[in-house]
Amino acid sequence: MNRTKIYIGTYFWMLTFFFLWAALTFFWATDYQLTYSKILTLGQLCLISYVIFNYFDSIEKIERAIKIITYSYIVLGIYTTSIYGVSNLFSGNISYRIGSQISQENVLGVSLSIGTLFCFFMSYYKKKKLYYVYALFLLILSSFTGSRKSLVAVMLGIFLLIFLKNRSKKILKTVSIIISFGMILYFILNLPMFDAVLGRMESFYNLLIGNGTVDNSSLTRSNMISFGWELFLDKPAIGYGYDSFRFYWGGIDRATYSHNNYIEMLVNGGLIAFISYYLMYAYSLYKLGKLSYRFNEIAILFFVIIIISLILDVAAITYYSKVTFIHFAIFFSYIRVANPVSTRI
């Protein structure tokens, strides 16, 4: 902060309003201790995010950040392999979902899948072929977590990255490239190591169509969404205070979050919280979408990450994730340096 200017602009006001509304919910919170703890966490995250936003004041810094983020995911993959053992992972000796010894199964799976997309971007857009190997490495590791979200993120993310790069070319060539990568991905997903995650995907599909066997995890999450929606309808404007869902769900099952960021925001802070949070996504999506239309490669990567994040929010809590606020900082930084409109002080 001593070496850069402070920018007061769109991100500052959006971040400030988001935090202030979260803080206000303390005054009508169901459980003051839960809400206070979450407000403190959000305050720290917003401050760190704003500092990062101010630091990234050039395209060169953001390009360097993309490389560092990519390296960090590769290091995460290496660390994961060291924890569980190469022979155990790739010889089929792992009969359970990996991740609990590092973080949590789904968190690790999504992290590895996002890392796969960063590596794919470096190889497909930046022509660094070695990163295809890294992408495959992280994809295979993510499969051992059994995370359905990670599989969706990889499949959709790769499709979007290919389509957005080739959309102006002849339709036949674009379709051929997508089909080719689709066939490769299909072949990879049919390897035995993907049986667990594909089985969980089938269970989730059965829940959607209302037929077949459904696992307990999918049923519980479905019940959480229904329960959270009923809570929201009873208090739609201001909610019950941040982190209050776990308080009410604790009367039915163990006290935990809703596993759905949309429901979590609606219950915690009502429509005002929901709008203030997702307005940051909407603004980023709009601005980066305009840059992506002009084939700006960095904007395309960030645009795809936002799309993936919005889809994954259906089955994850992200509003107090460190990664979320780092992403926000970098997205808004790039929007600022690519279209400098912020006010400086």
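Since this is a predicted model, take the numbers as computed values, not measurements.
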Exercise. Do Phe332 and Tyr283 come within less than 4.5 Å of each other through their side chains, counting heavy atoms only?
Worked result: yes
Seminar exercise, completed: Looking only at heavy atoms, the pair that brings Tyr131 and Cys119 closest together is CB-O, 3.3 Å
For this session: Please say which of Asn268, Asp313, Thr324 ends up in a side-chain hydrogen bond (donor to acceptor under 3.5 Å, both in side chains) with Tyr319.
Result: Asn268
Exercise. Does one side chain, of Ser49 or Tyr11, offer a donor that lies under 3.5 Å from an acceptor on the other?
Worked result: yes
Problem set entry | Exercise: identify the closest heavy-atom pair between Tyr281 and Ser309 | OH-CB, 3.9 Å
Exercise. Do Ser226 side-chain atoms and Ser222 backbone N/O form a donor-acceptor pair below 3.5 Å?
Worked result: yes
For this session: Applying side-chain hydrogen bond (donor to acceptor under 3.5 Å, both in side chains), run through Asn261 and Tyr278 and close with a yes or a no.
Result: CA-CA 10 Å; Asn261 203 68; Tyr278 283 104; 2.8 Å; yes
Problem set entry | side-chain contact (heavy atoms from CB on, under 4.5 Å) assessment of Tyr132 paired with Phe120 | CA-CA 6 Å; Tyr132 281 121; Phe120 183 81; 4.0 Å; yes
For this session: Go through the steps to decide whether Tyr248 and Asp31 satisfy the test side-chain hydrogen bond (donor to acceptor under 3.5 Å, both in side chains), and finish with yes or no.
Result: CA-CA 10 Å; Tyr248 290 98; Asp31 187 311; over 6 Å; no
Exercise. Between the side chains of Asn296 and Tyr334, does any donor sit under 3.5 Å from an acceptor?
Worked result: yes
Exercise. Where does the angle between the aromatic ring planes of Phe18 and Tyr277 fall among parallel (under 30°), tilted (30 to 60°) and perpendicular (over 60°)?
Worked result: tilted
For this session: If the plane angle is over 60° it's perpendicular, under 30° parallel, otherwise tilted; pick one for Tyr257 and His259.
Result: tilted
Problem set entry | Atom pair CD1/CD1 of Ile306 and Ile311 - distance to nearest 0.5 Å | 12.5 Å
For this session: Could you go through the side-chain contact (heavy atoms from CB on, under 4.5 Å) check for Leu164 and Phe295 one step at a time?
Result: CA-CA 8 Å; Leu164 292 174; Phe295 294 93; over 6 Å; no
Exercise. Ser111 and Tyr73: side-chain donor and acceptor closer than 3.5 Å?
Worked result: no
